Structures are given as C-alpha cells and as structure tokens.
Amino acid sequence: MPEGPSIVILKEAVQPFIGKKVRYASGNTKKVDTSLFCGKTVIDFKSWGKHFLICFPDITIRIHFMLFGSYRINERKETSPRLGILFEDETELNFYACSVQLITEPLDAVYDWTADVMNEQWDEEKALNKLKQRPHMLACDALLDQNIFSGVGNIIKNEVLFRIRVHPESRIGAIPAEKIKELLVEAVRYSFQFLEWKMEFTLKQHWLAHNKSICPRDNVRFQRAYLGKFKRRSFFCTNCQVLYLKD
DNA sequence: TGGAATGTTGGAAC
DNA sequence: CGTTCCAACATTCC
C-alpha cells in the first residue's frame, strides 16, 4: 500500500467524492475527534508523498498508511475502520490501520510540494541542492529521506539504485555529478513507472532487484543487507553497482 | 506457521 | 544537542 504512487492511485479513485458533504464520520482513531467533520464538504484530495490529504474548507485530515494500512471505497472490511466517512448520498470512504491526524494550518505552510517526486511542483534543482548539503549521506538513506524524495519507499529505493548502477552505501558526495543527475531523474521516472505497473497489477513482476535473489544483468547473486541509518532491506549487485566512496 | 515487511513516531541511551 | 537505537503500532503474505 504505502509508497507514493499507491497514494496517487487512491487520490484518483476518490475524485468523485469532491464536493460531497459528510453525514457522519466515525472510527477508532484516538488522535482525532471525528465529529468535527460532520456537515463539512470535501473540497479536494491531495497527496504529499505517502501522505493522503482530505481537504475541508478549514481543516485537513492527514492519513498515513504506514506499513499495514488499507482503504475501501463504498465497501467495508470485517474489522472496524480507523476512520470511516459516510456521505449524504450514502457513499463512503473507510480507512484501516492507518495513522490519522488533523491539520489546522494552511497546507502550503506544512508541506514542501517541491519535494514530492510525483507532484507537478517537484523541483529537481532543489533536491540536488539538498543532496549537496549532505555529502556524507549514503545513497540508500538519501532516497528514503522524505524531505528530499517524498514518496520514495524501500521498493523504489532498491529499483532506482539498481537501474542507475549505484551501490546503496555510496556516499552522496563521492558520486559523480552525472550519476547524481541520473539518481534524481530515475527517482521520478521509476515512481511513475511504478504507478503504471501498479495500476496494471504487474508491479511485482517488473521488479529487477527488490526481493530478487539473482542479478538479471550478470546472473550474480544479489547481496541482501539492512543498510544505512534507516536499516531497511537493500538488494544490490556488487558486480554492476558501483560503490563510490572517495570525495 | 512464524517471521518478516512497501513506514513512521517518540522516547531512551549515549 | 545531535545521532542512533529500539519498541510500538497492527496486517498480510509466504
């Protein structure tokens, strides 16, 4: 569920709910008083990376699906929803096992839209500058940094590094400028590719590195390790992915 | 079938 | 004060 492209799919799916008025909201969320939304009209749905945003005129609901979250549109699961919204026309949105938060400030004050790899305001130049400020950072950590590559998750990280042939433990400051450019371009390109494949239900079969045991380029066994400060699974080939270390 | 996983947060430890 | 580590959360899949 949770990487950026999946949230974009959700955002598209709920477009028909824009303009609908909430009849009743409930759920087992402890963070938010669901009665706040009753009678309010949805004016928009937005996303920032892995954040899904339900916008009302004065407040916004922020949903983060974490690792296990899920949703149903005009359907219900057996389990009780973390947040369920029933609209006046009897349609409904249900969210499960997710983090729910209320945002009262203007969204532009909360979110840097230029950091979201799937947003039309994505700014490669700004991302490049953020990378330049952290030369000591590992490539695998950089891709997972939501302030630089909002929406990128562990799958996208592994696929991007494999595609551009960069070892996950490479230091950002040691990677040649052309490779950094490739990193920036591929993070966006693969995210949209992920979106297409996910919609076709063919995402997994297109994985080249993530969850794979053999490198498809040279038939060598992939290394598998929990790398970087995030300690997330990395799949990488020491044959074709270059380790850049020196400055 | 137990363990691991597309993720983040908050607090402790250093 | 920054960083790093860890538990917690809670579901699905192999």
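Residue numbers start from 1 in every chain, and the chains themselves are labelled A, B, ... in the order their sequence lines are given, proteins ahead of strands. The basis for the numbers below is simple: all heavy atoms, side chains too, and nothing from hydrogens, waters or symmetry mates. The structure presented is a predicted model; accordingly, all values stated were derived computationally and were not measured.
- Side-chain nitrogen and oxygen atoms of A:His210 include at least one within less than 4.0 Å of the OP1 or OP2 phosphate oxygen of B:dT6.
- Comparing the same atom, C1', in B:dT6 and in C:dC5 gives a spacing of 22 Å after rounding to whole Å.
- In this structure, A:Tyr71 and A:Phe52 have side chains that are not in contact, with every pair of non-hydrogen atoms separated by 4.5 Å or more.
- For A:Phe194, there are no ring-ring contact (aromatic ring centres under 6.0 Å, His included) partners two or more places apart in sequence or in a different chain.
- Residues A:Phe162, A:Leu208 make up the rest of the hydrophobic cluster containing A:Phe222, defined by ILVMFWY side-chain heavy atoms closer than 4.5 Å, directly or through other members.
- Enclosure of atom CZ in A:Arg221 is not indicated, since only 12 or fewer non-hydrogen atoms of other residues, nucleotides or ligands lie within 6.0 angstrom.
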Check your understanding: How does protein reach along nucleotides 7-14 of chain C, written 5' to 3' as B (base within reach of a heavy atom under 4.0 Å), S (only sugar-phosphate), or - (no contact)?
Key -> ---BBS--
**Study point:** Secondary-structure notation, DNA chain C, from Watson-Crick and G-U pairs under 3.5 angstrom (| other strand)
**Key:** .||||||||.||||
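- In this structure, A:Phe194 places its CZ atom 11 Å from P of B:dT6, rounding to the nearest Å.
- Salt-bridge annotation for A:Arg72 and A:Glu92: absent, with no side-chain N of the basic residue lying under 4.0 Å from a carboxylate O of the acidic one.
- Residues from residues 223-234 of chain A with heavy atoms under 4.0 angstrom of DNA chain B, sorted by number: A:Tyr226, A:Arg232, A:Arg233.
- Across the protein-nucleic acid pair, A:Tyr190 atom OH and B:dT6 atom P stand 12 Å apart, rounded to whole Å.
- Taking atom CZ of residue A:Arg62 and atom P of nucleotide B:dT8, one finds them 9 Å apart after rounding to whole Å.
- Between B:dT1 and C:dA10, the distance separating the two P atoms is 24 Å to the nearest Å.
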Counting only pairs under 3.5 Å, give me each side-chain donor-acceptor contact of residues 182-191 of chain A, with atom names and distances, residues two or more places apart or in other chains.
unit_1   : atom_1 : unit_2   : atom_2 : d
A:Glu182 : OE1    : A:Lys179 : NZ     : 3.4
A:Glu182 : OE2    : A:Lys179 : NZ     : 3.3
A:Glu186 : OE1    : A:Arg189 : NE     : 3.1
A:Glu186 : OE2    : A:Arg189 : NH2    : 3.2
A:Ser191 : OG     : A:Ala187 : O      : 2.7

What donor-acceptor contacts under 3.5 angstrom involve side-chain atoms of residues 148-158 of chain A, with partners at least two apart or in another chain?
unit_1   : atom_1 : unit_2   : atom_2 : d
A:Ser150 : OG     : A:Gly49  : N      : 3.4
A:Asn154 : OD1    : A:Lys157 : NZ     : 2.7
A:Asn154 : ND2    : A:Arg233 : O      : 3.1
A:Lys157 : NZ     : A:Arg233 : O      : 3.0
A:Lys157 : NZ     : A:Ser234 : OG     : 3.1
A:Asn158 : OD1    : A:Phe235 : N      : 3.2
A:Asn158 : ND2    : A:Asn154 : O      : 3.3
A:Asn158 : ND2    : A:His210 : ND1    : 3.1
A:Asn158 : ND2    : A:Arg233 : O      : 3.2

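- One can place CG of A:Leu144 at 15 Å from P of C:dT4, the figure rounded to the nearest angstrom.
- By the 4.5 Å side-chain criterion applied to Ile, Leu, Val, Met, Phe, Trp and Tyr, A:Val110 is assigned to a cluster that also includes A:Trp48, A:Leu53, A:Ile103, A:Leu107, A:Tyr111, A:Trp113.
- Summarising the geometry of A:His167 relative to A:Phe236, their closest heavy-atom pair is NE2-CE1, 3.2 Å, with the distance given to 0.1 Å.
- Within residues 152-166 of chain A, the residues that have a heavy atom under 4.0 Å from DNA chain B are, in order of number, A:Gly153, A:Asn154, A:Ile155.
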Review point. Passes salt bridge (charged side-chain N to carboxylate O under 4.0 Å, His left out), A:Lys46 versus A:Asp116? Steps please.
Key: CA-CA 12 Å; A:Lys46 293 178 189 287; A:Asp116 181 354; over 6 Å; no
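- In the hydrophobic clustering (ILVMFWY side chains linked at under 4.5 Å, chained through shared members), A:Leu144 is joined by A:Phe230.
- Atom C1' of nucleotide B:dG7 and atom CD1 of A:Ile63 are separated by 16 Å, given to the nearest angstrom.
- Every residue two or more places apart in sequence or in another chain that forms a ring-ring contact (aromatic ring centres under 6.0 Å, His included) with A:Phe56 is listed here: A:Phe37.
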Pairs under 3.5 angstrom only: tabulate donor-acceptor contacts from the side chains of residues 23-34 of chain A to other protein residues two or more places apart or in another chain.
unit_1  : atom_1 : unit_2  : atom_2 : d
A:Arg23 : NH1    : A:Glu90 : OE2    : 2.5
A:Arg23 : NH2    : A:Glu88 : O      : 2.8
A:Asn28 : OD1    : A:Arg82 : NE     : 2.8
A:Thr29 : OG1    : A:Lys31 : N      : 3.2
A:Asp33 : OD1    : A:Ser35 : N      : 3.1
A:Asp33 : OD1    : A:Ser35 : OG     : 2.7
A:Asp33 : OD2    : A:Ser35 : OG     : 3.2
A:Thr34 : OG1    : A:Ala25 : O      : 3.2

